[in-house]
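Both backbone and side-chain heavy atoms feed into the values below; hydrogens, waters and symmetry mates do not. All chains are named by letter (A, B, ...) in the order of the sequence lines, taking the proteins before the strands, and each is independently numbered beginning at 1.
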Amino acid sequence: MIYDHKKIEKKWQKKWEKDGIYKTSENKNKKRYVLDMFPYPSGASMHVGHLEGYVGTDILSRYLRMKGIDILHPMGWDAFGLPAENYAIKTGIHPDKETHKNILNFKKQLMASGLSYDWDKEIDTSSPEFYKWTQWLFIKLFEKGLAYKKKSPVNWCPKDETVLANEQVEDGKCERCDTPVIKKDLDQWFFKITDYSDRLISGLDGIDWLEEVKTQQKNWIGRKEGINISYEIDGYKDKVTVFTTAPVNFGATFIVIAPEHELISKIINGEIKVDDLIKNKVKKYYEMAMSKSDQERITEGKEKTGEFTCLYAINHLTNEKLPIWVTDFVLANVGTGAVQGCPGHDKRDFQFAKKFGLPIKRVVVGADGDESEIKLESQVIEHGKKGTFINSEFLNGMDFEEGLRKTMDYFEEKGWGKRVISYHIRDWLISRQRYWGCPIPMIYCDKCGWNPVPESELPVLLPTDVDFLPHGESPIARSTSFQKDVVCPSCGKPAKREVDTMDTYVDSSWYFLRFCDPKNTKEFASKEKIIPVNDYVGGGHVVQHLLFARFFWKVLFDLGYIDKKMGDEPFLKLRAPGWILGPDSRKMSKRWGNVITPDDIIPKFGADTLRVYEMFMGPFDIMKPWNITGVEGAHRFLGRVWRLFHQTRNPSLITDKPVLSKMHQTIKKVGEDIENYKFNTAISSLMELVNVLSSCDSLNIDSLNILARLLAPFAPHLAEEIWHAILGQKNSIHISQWPTYDEKYLKSDEVTIVIQVNGKLRGQVVVDSVQATDKETIIKLAKTDEKVAKWLKSGKIKKEIFISNKLVNFVI
RNA sequence: GGCUGGGUGGCGGAAUGGCAGACGCACAGGUCUCAAAAACCUGUGAGGAUAACACCUCGUGAGGGUUCGACUCCCUCCCCAGCCACCA
């Protein structure tokens, strides 16, 4: 009989769907939540790389299901987003129509791959049933004071008159028309994620994520302990406060402030009176800096620029005057937007001092002992390096780190400074001046200000009477139906709706909660049904998504919408599948013409082959190049399995002892490997087992029964077919019991003991498993081994090492 | 520049202190065939040795260390990948 994957796979996919064998049971005691990061249904077809993670979680889910554990394993669509809107601008096709066409296509591909999702739980973030609750969530945050509106600069394309997302800015230019992007101040909604900074760091300790991803989260939050130091400005009432983690104050010779700093606006608007010539120069510098994009500020940034403000601060320790300069290498949103320049001990400060002829003082000697004047950048000893203070009065002779601590103590004592913690993370800007997103459920009234739409009126539906062309504001602003009869929820007078939509990250950062209870019309999800995700699989590099999702969980947890027993973190384990590269070892891309899709593989080889190959390629989480001969190898393996089951041979009642032990070892290994995401070695051990069974003259039916079930998570269609056609079973193999192993069969009767002389392999003895643990017998045997004896002749044995069941090592 | 991974045959990889190269790919030889494909069998780290075996030496990026024993642990260095980056 020929292995006709086409017929088999179609047949079983239909049957599984009809019988609903992957439905989640509502037994909440044993539930385990296995989740893929849900996809954006783009117009481009899915490629084999997307499937890597989905197949991994599918194998895990099928395995757990067979172990009798109730699994929640759903799939849905991150359906709002820019590509569909841009497509609509180009073609006039409504994003809703295009998106749903893509969803159907994606779903078809997932089903053709034999993935065992519970499609009853399918969600779509662009459906009103879903985004009603996105709006509800917004209102909860608003009520808690965690959502607020503030003026903030956005990327702005002057030609297209539109706001651009960061991803739409390439090299400081608009991706559509190549016009340089500028910053524009707009009133925008923010979520106060910064309130949760410390908990977002500490929560990482208790969860099973890759170290790399945890570090990325920590870096993004960027917690730093330092000190804010305030300086009087000579001759003026104003003060300037700098933030530093390394107060090398005996070496401070100037202060630099960001162009956006309030001192600069005060100079420009005349609040701080300075010489007109200086004022004009500062103004010119400010305008120049503002006209540059972030991109330009960074790329040009190696060359320091700046302008002297003519103001001076007074160094508390030395009473020397510190000139205050404006420069764009100081970033307004880091620390206080002002930095003290210590050119001897910071490379950027050194470059700045060198360029503008400011004094450079050495106050620390590094490991090289060089005490000379600092003239070269290479002599700069930065914070973090080993060093000892000099030229610093009470700090002299002190270790670098300790001296900094002492300085902070001293400054706090004197009231000149205060220790602070600075974070890199900013509040989350969620306003988008775009159409294809979730409307922000807020109403503005001239008298009452911003008020949320009453819960009973949710959802605020996306209007359909809009064109999609960008005009410098949300396309929704031009809808007439959207603002019709809107009244202030507080005073009842005519009012206006917010026309911006939410960042699609908002949808995709709470969707996993909705999967717990997707059909609930009364709540976003019932408290009884919400559980954290046990296994979350997808790109680990999605730093923001993970932070936002953790933030939402913590907020809802604090508000009492999540059972305290469920804990403070939403994703208990996170694994990231590695990229699958094209056959040319480059990232799969239309540009290189190296994209492989499931449709290229499934018709010819079948979904089972595709699944087995993808999992066998290498470790789950690393980058792997596609190799078509490898696919053929996987197909050959399944063909061998097929023939093994179809071969006629003498059925035996008892299985050989060595075969039996291989069998039980494999049951153990495959199970453990699946739980540890080591699918590649699980498959290789299955291959070994198949090789062993293929060479047996007679096979007992139990062995075949076990083998079929071990294969089921990897090659679900083939296993199902064999289960019914050969093994005569009635119910699906995927709801059968996972085989158990027996400890007593794990060890084979015969054990090979390795014999080493001076750590080198010189022979081996085969003994039974009882003898293998007996030191004296083994050593006696080892010495009589002809080859070993030869090596032992040349000297006296100094030491005999015996490792039970494994080896003997003679040291001579 | 910072952080985090990683470096093992012709290739993907296995082994986390105990026989390095499991499993697969590729390649070579063979069986079947008029022939080919498919399938099956055998071999396959490098070098030496042999009529053939036996056998020996070297070998996990480089160098050093710990250990009876190191791909695995420690130190120094080199290289590659990913993420972040004028973050004070």
Side-chain angles (χ1 to χ4, degrees), chain A residues 2 210-220 222-224 226-227 242-248 256 258 297-304 327-331 333-342 345-349 351-352 382-384 422-424 540-541 543 576 578-579 585 612-613 616-619 621-634 636-637 639-640 643 678 680-691 694-695 752-764 786-787 790 797-803 805-812:
Chain A
I2 265 184
L210 293 176
E211 209 43 52
E212 187 191 346
V213 182
K214 284 191 187 181
T215 311
Q216 272 176 31
Q217 300 258 301
K218 282 183 198 154
N219 288 347
W220 191 274
R223 184 181 198 276
K224 271 179 232 96
I227 184 166
V242 303
F243 171 76
T244 178
T245 53
V248 194
V256 270
R297 264 170 88 159
I298 290 163
T299 42
E300 294 171 12
K302 299 289 166 214
E303 187 59 30
K304 300 285 175 288
T327 173
D328 66 2
F329 87 78
V330 176
L331 305 175
N333 57 5
V334 176
T336 58
V339 180
Q340 52 184 23
C342 307
H345 304 288
D346 182 286
K347 290 194 171 162
R348 291 154 309 174
D349 295 351
Q351 289 159 6
F352 192 79
E382 288 196 302
H383 166 53
S422 150
Y423 297 90
H424 171 72
H541 56 279
V543 184
W579 287 90
S585 290
V612 167
Y613 171 63
F616 184 63
M617 286 172 87
D621 53 8
I622 70 159
M623 240 190 236
K624 303 156 279 240
W626 187 261
N627 178 4
I628 192 66
T629 59
V631 180
E632 286 160 6
R636 225 171 290 158
F637 167 64
R640 269 206 304 279
R643 268 175 272 122
K678 289 166 80 174
N680 57 331
T681 50
I683 292 171
S684 63
S685 64
L686 282 168
M687 287 173 169
E688 285 180 45
L689 178 63
V690 168
N691 290 344
S694 300
S695 58
T752 305
I753 306 282
V754 168
I755 303 157
Q756 298 181 332
V757 178
N758 283 339
K760 286 198 171 149
L761 173 72
R762 296 303 180 193
Q764 46 191 342
E786 210 180 304
K787 285 180 241 159
K790 203 173 77 191
I797 297 170
K798 285 195 201 122
K799 212 170 174 183
E800 291 166 350
I801 316 267
F802 172 73
I803 309 291
N805 270 311
K806 269 193 183 137
L807 112 172
V808 176
N809 188 12
F810 296 109
V811 186
I812 57 169

Respond yes when some side-chain nitrogen or oxygen of A:Arg636 is under 4.0 Å from OP1 or OP2 of B:A26, and no when none is.
yes
Given that both distances must come in under 3.5 Å, which nucleotide forms a Watson-Crick or G-U wobble pair with B:C58?
B:G45
First of A:Gly633 and A:Asn333 reached from the 5' end of RNA chain B, by closest nucleotide
A:Gly633
Whole angstrom is fine here: how far is it from CE in A:Met617 over to P in B:C23?
20 Å
Spacing of NZ belonging to A:Lys214 relative to NZ belonging to A:Lys218, to within rounding of 0.5 Å
6.5 Å
B:U50 pairs with, by Watson-Crick or G-U criteria that keep both distances under 3.5 Å:
none
Closest of B:A14, B:A22, B:C87 to the A:Arg348 side chain is B:C87
Chi-based syn or anti call at B:G5, which uses purine or pyrimidine torsion atoms and a 90° bound:
anti
B:C58 OP1/OP2 closer than 4.0 Å to side-chain N/O of A:Lys760:
yes
Distance in Å, A:Gln340 CD paired with A:Asp349 CG, rounded so as to fall on 0.5 Å steps
9.0 Å
Complement of B:G12, any strand, by Watson-Crick or G-U distances under 3.5 angstrom
B:C23
In Watson-Crick or G-U wobble terms, with both distances under 3.5 Å, the base opposite B:A39 is B:U31
Taking atom P in both B:G69 and B:C19, compute the distance separating them and give it to the nearest angstrom.
15 Å
Looking only at heavy atoms, the pair that brings A:Asp621 and A:Leu210 closest together is OD2-CD2, 4.5 Å
Name the pairing partner of B:G82, where a pair is Watson-Crick or G-U wobble with both distances under 3.5 Å, or state none.
B:C3
Kindly say if A:Lys224 contacts the phosphate of B:A88, meaning a side-chain N or O under 4.0 Å from OP1 or OP2.
yes
Nearest-nucleotide 5' precedence on RNA chain B, A:Asn758 against A:Thr629
A:Thr629
Suppose we define a pair by two distances each less than 3.5 Å, Watson-Crick or G-U wobble; what does B:U66 pair with here?
none
Considering only side-chain heavy atoms of A:Arg640, which listed nucleotide, B:C40, B:C87, B:U4, is closest?
B:C40
Distance check, rounded to the nearest 0.5 Å: A:Ile753 atom CD1 versus A:Lys806 atom NZ?
10.0 Å
Kindly say if A:Asn680 contacts the phosphate of B:A14, meaning a side-chain N or O under 4.0 Å from OP1 or OP2.
yes
Between A:Asn758 (side chain only) and A:Lys760 (backbone N and O only), is there a donor and an acceptor less than 3.5 Å apart?
no
Which part of the nucleic acid does A:Pro619 contact within heavy-atom distance under 4.0 Å: base, sugar-phosphate only, or nothing?
sugar-phosphate
Need one value for A:Val811: base, sugar-phosphate or nothing, where a base atom within 4.0 Å counts as base even if backbone is also close, heavy atoms only.
sugar-phosphate
Can you find a donor-acceptor N/O pair under 3.5 angstrom joining the side chain of A:Lys798 to the base of B:C68?
no
Which one, B:C68, B:C87, B:C25, comes nearest to the side chain of A:Asn627?
B:C25
Is there any protein nitrogen or oxygen under 3.5 Å from a nitrogen or oxygen in nucleotides 17-21 of chain B, and what are the pairs?
residue, atom, partner, partner atom, Å
B:G18, N2, A:Gln756, OE1, 3.3

Name the nucleic acid region contacted by A:Ile622, choosing base, sugar-phosphate or nothing; use a 4.0 angstrom heavy-atom cut-off, strictly under.
sugar-phosphate
What nucleic acid atoms does A:Arg762 come within less than 4.0 Å of, heavy atoms only: base, sugar-phosphate, or nothing?
sugar-phosphate
